[in-house]
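The structure appears right after this line, and notes come after that.
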Amino acid sequence: MKSKKKNFTIVAAILVVFDLLCMFMYAGMQVEQMNIIQTFITEEGGGWSANLTMLPLTIGNLAAIVLTMVYGTLMIKFGVKKIMIPFMVLTGLGCIGIALANGLDCFGGTKAGNFPLFFISLFVIRCCCPIFQMGGAMLITNWFIKLRGRMASIGSIGATIFTIVGTSLMPNVISKSWNGDYRPFYYGIAVLTLIMILVLVFLLKDVPEDAGMYPDGMDHAPLSETSDSTPIKASVMLRDKKFWQLTIVMIAPQFVVPAIMSSMAISFMTRGGQELWLAATVFVSAGAIAGIPCSLAYGWLNDKIGSLKTEMLLILSMLIPTLSLIFMPARKSVILLIIMAFGLANILGAAPVMGPCFIAYVYGRKQYQSANRIAFALSLIPGAFSGIMMTSLIQSGHTKIAYLILIIIIAISFTSLMTMRKLPDANAADRT
């Protein structure tokens with residue numbers, strides 16, 4: 001028994017690190033990499049316009065809506081590992097493609113660029129991004145019930161790390177040390193993807209039962225589950241009231257967080273140029289670092305007070321960075337930047353944790369992916385336009401309108417969440 005418990009601990013540790021890397025890739029390559037691209041490929045510097053560089057991401061957002069449901073269905077049918085691996089390979093190739101496409105201001109902009117290769121590479125990466133979030137979250141959900149929030153919170157630190165490395169640190173490193181050449185960054189991401197593939201192939205299993213174990217290292221099968229593990233059909237799920245309530249709740253994190261993070265550079269550069277943006281990256285970095293303890297706190301709260309109450313805190317916390325960015329002046333305002341950083345700490349730390357935990361709370365471990373594949377896809381529909389909406393409105397001088405739209409979305413999701421406040425935990429019997 002002690003040997004089996006030790007084996008579980010080892011595999012669980014590897015799994016949590018793998019999930020951390022998955023969230024690093026998902027958060028970074030889904031939207032936040034645009035802060036790097038749009039800092040060093042600018043129309044003023046002879047490169048492609050911000051709307052043009054955002055175009056493949058926007059189209060990829062739309063494709064990802066359909067692909068999310070496809071990925072989830074395939075994972076249910078064939079398992080997590082078999083579906084993740086080929087799309088992880090494509091992600092690595094996409095990173096190499098962006099590097100080879102060039103188009104950087106420091107090399108002459110469009111004269112040194114290959115836009116078709118850039119477009120295809122960024123589009124492929126965006127289409128593959130959901131596989132990281134869905135795969136990592138499903139593995140955590142499969143392996144943990146009682147400790148799900150805390151384990152997911154450790155993994156979600158990966159999203160925060162990308163904000164520190166990709167959104168805050170890398171623009172300064174690329175600008176000051178690499179003379180505006182971001183290609184080494186993308187080659188490094190490709191190598192990281194290869195390492196993740198090797199870990200997945202040789203060290204992890206889809207479910208603990210495949211390794212002769214049970215969730216959380218328990219010595220018995222979960223009490224809250226029956227032997228019937230037949231996935232819920234989409235037609236049945238779409239007739240379930242709580243499914244639609246859940247989906248509306250999920251819209252806010254899927255829209256607001258990428259909207260804020262993908263437009264961060266443009267928002268500050270439009271107000272005060274690259275100088276203001278590079279100064280703001282210090283506070284963005286501080287917020288991202290503070291997101292680590294915030295993530296752990298939200299994970300602990302999820303396991304102690306339940307996903308519904310913890311989700312309420314997350315939705316409300318989205319107002320903090322949104323409001324601070326509405327009133328951000330053209331000159332550096334330390335007070336507002338600190339408030340923004342605090343808000344970023346909450347949303348960057350909590351959003352990756354609460355997504356899978358909230359769905360698992362409503363539907364349980366065995367039906368998690370049945371709900372996730374549809375709810376996640378539907379919540380991505382408005383989110384698909386978040387980046388291009390924010391970029392277009394901010395560049396056209398309608399910054400306040402852009403952030404007011406985010407406030408309206410937050411209010412809608414919170415209202416839906418309040419209608420679910422009496423819903424019980426699907427795995428409640430295994431949490432005591």
Side-chain angles (χ1 to χ4, degrees), residues 1-27 75-76 78-89 91-92 131-162 189 191-225 229 292-293 295-300 302-304 349 352-353 355-357 360 364-366 368-369 372 427 430-432:
M1 183 63 68
K2 288 184 178 180
S3 176
K4 186 172 288 188
K5 188 74 173 180
K6 181 179 179 181
N7 289 339
F8 180 89
T9 301
I10 293 171
V11 176
I14 295 171
L15 172 57
V16 169
V17 173
F18 179 79
D19 185 46
L20 184 150
L21 294 176
C22 282
M23 292 310 302
F24 177 90
M25 292 293 295
Y26 175 70
M75 284 181 184
I76 292 171
F78 299 106
V80 181
K81 293 173 60 173
K82 290 180 180 179
I83 304 307
M84 286 192 76
I85 292 169
F87 292 101
M88 292 171 73
V89 171
T91 301
I131 211 75
F132 290 94
Q133 191 276 341
M134 296 181 75
M138 189 170 181
L139 288 172
I140 290 292
T141 301
N142 287 344
W143 280 78
F144 300 100
I145 295 177
K146 187 183 298 185
L147 301 173
R148 184 179 295 145
R150 278 162 281 189
M151 295 301 104
S153 71
I154 296 173
S156 73
I157 292 172
T160 305
I161 291 175
F162 191 96
I189 294 294
V191 172
L192 175 61
T193 305
L194 174 61
I195 294 171
M196 292 177 66
I197 292 171
L198 295 175
V199 170
L200 185 59
V201 170
F202 295 108
L203 300 178
L204 295 176
K205 299 286 186 182
D206 282 358
V207 294
E209 287 85 348
D210 287 349
M213 295 180 275
Y214 295 110
D216 298 310
M218 296 187 295
D219 58 2
H220 59 272
L223 301 174
S224 58
E225 296 177 353
S229 60
I292 295 175
S295 176
L296 298 174
Y298 272 90
W300 181 84
N302 177 82
D303 294 338
K304 294 298 180 181
V353 178
C357 287
R365 183 176 78 123
K366 288 193 173 184
Y368 164 80
Q369 197 60 270
N372 181 62
N427 287 131
D430 294 294
R431 290 190 176 277
T432 55

>> Checking V89 against I197 for the side-chain contact (heavy atoms from CB on, under 4.5 Å) test, could you report, in this order, the C-alpha distance in whole Å, the side-chain angles of both residues, the deciding distance, and whether it holds?
In response: CA-CA 8 Å; V89 171; I197 292 171; 3.7 Å; yes
>> With a 4.5 Å cut-off on side-chain heavy atoms, are L204 and I14 touching?
In response: yes
>> Please find the pair of heavy atoms, one from K205 and one from K81, that lie closest to each other, and give the distance.
In response: CA-CD, 4.4 Å
> Could you walk me through whether M25 and L192 pass the side-chain contact (heavy atoms from CB on, under 4.5 Å) check?
Replying inline: CA-CA 9 Å; M25 292 293 295; L192 175 61; 4.2 Å; yes
>> Rounded to the nearest 0.5 Å, what separates atom CD1 in I10 from atom CG in L203?
In response: 11.0 Å
> Do you know the tightest heavy-atom contact between L147 and D216?
Replying inline: N-OD1, 3.3 Å
> Under 4.5 Å between any side-chain heavy atoms of I161 and M23, yes or no?
Replying inline: no
>> As an exercise, state the distance from NZ of K146 to CG of D430, rounded to the nearest 0.5 Å.
In response: 8.0 Å
>> Run the side chain to side chain contact (heavy atoms under 4.5 Å, CB included) test against N302 and tell me which residues pass, sequence neighbours left out.
In response: S307, T310, M354, C357
> Say you draw a straight line from CE of M134 to CD1 of I83; how long is it, rounded to the nearest 0.5 Å?
Replying inline: 10.5 Å
> Is there a side-chain contact between P352 and Q133 (heavy atoms, below 4.5 Å)?
Replying inline: no
> Should D19 and V16 be marked as a side-chain contact (heavy atoms from CB on, under 4.5 Å) after you check the CA-CA gap, both sets of side-chain angles, and the distance that decides it?
Replying inline: CA-CA 5 Å; D19 185 46; V16 169; 5.6 Å; no
>> Quick one, K6 and T9 - any side-chain contact, counting heavy atoms below 4.5 Å?
In response: no
>> On a heavy-atom basis, which atom in R148 and which in T141 lie closest, and how many Å separate them?
In response: NH2-O, 3.7 Å
> Taking C-beta and beyond as the side chain, do P356 and Y368 meet within less than 4.5 Å on heavy atoms?
Replying inline: yes
> In Å, rounded to the nearest 0.5 Å, how long is the span from CG of L21 to CG of L200?
Replying inline: 11.5 Å
> How many angstroms lie between atom CG of L20 and atom CD1 of I140, to the nearest 0.5 angstrom?
Replying inline: 10.0 Å
> What's the shortest heavy-atom distance between T193 and M88, and which atoms?
Replying inline: CG2-O, 3.0 Å
>> So Q369 and V80, do their side chains get closer than 4.5 Å, heavy atoms only?
In response: no
> Should F24 and I189 count as side-chain neighbours, where that means a heavy-atom distance under 4.5 Å?
Replying inline: yes
> How long is the gap from CG on D206 to CE on M75, to the nearest 0.5 Å?
Replying inline: 9.0 Å
>> Tell me the closest heavy-atom pair linking S153 and L296, and the distance in Å.
In response: OG-CD2, 3.6 Å
> Parallel, tilted or perpendicular for F8 and W143, by the 30°/60° rule?
Replying inline: tilted
> Shortest non-hydrogen contact from P222 to R365?
Replying inline: CG-NH2, 4.1 Å
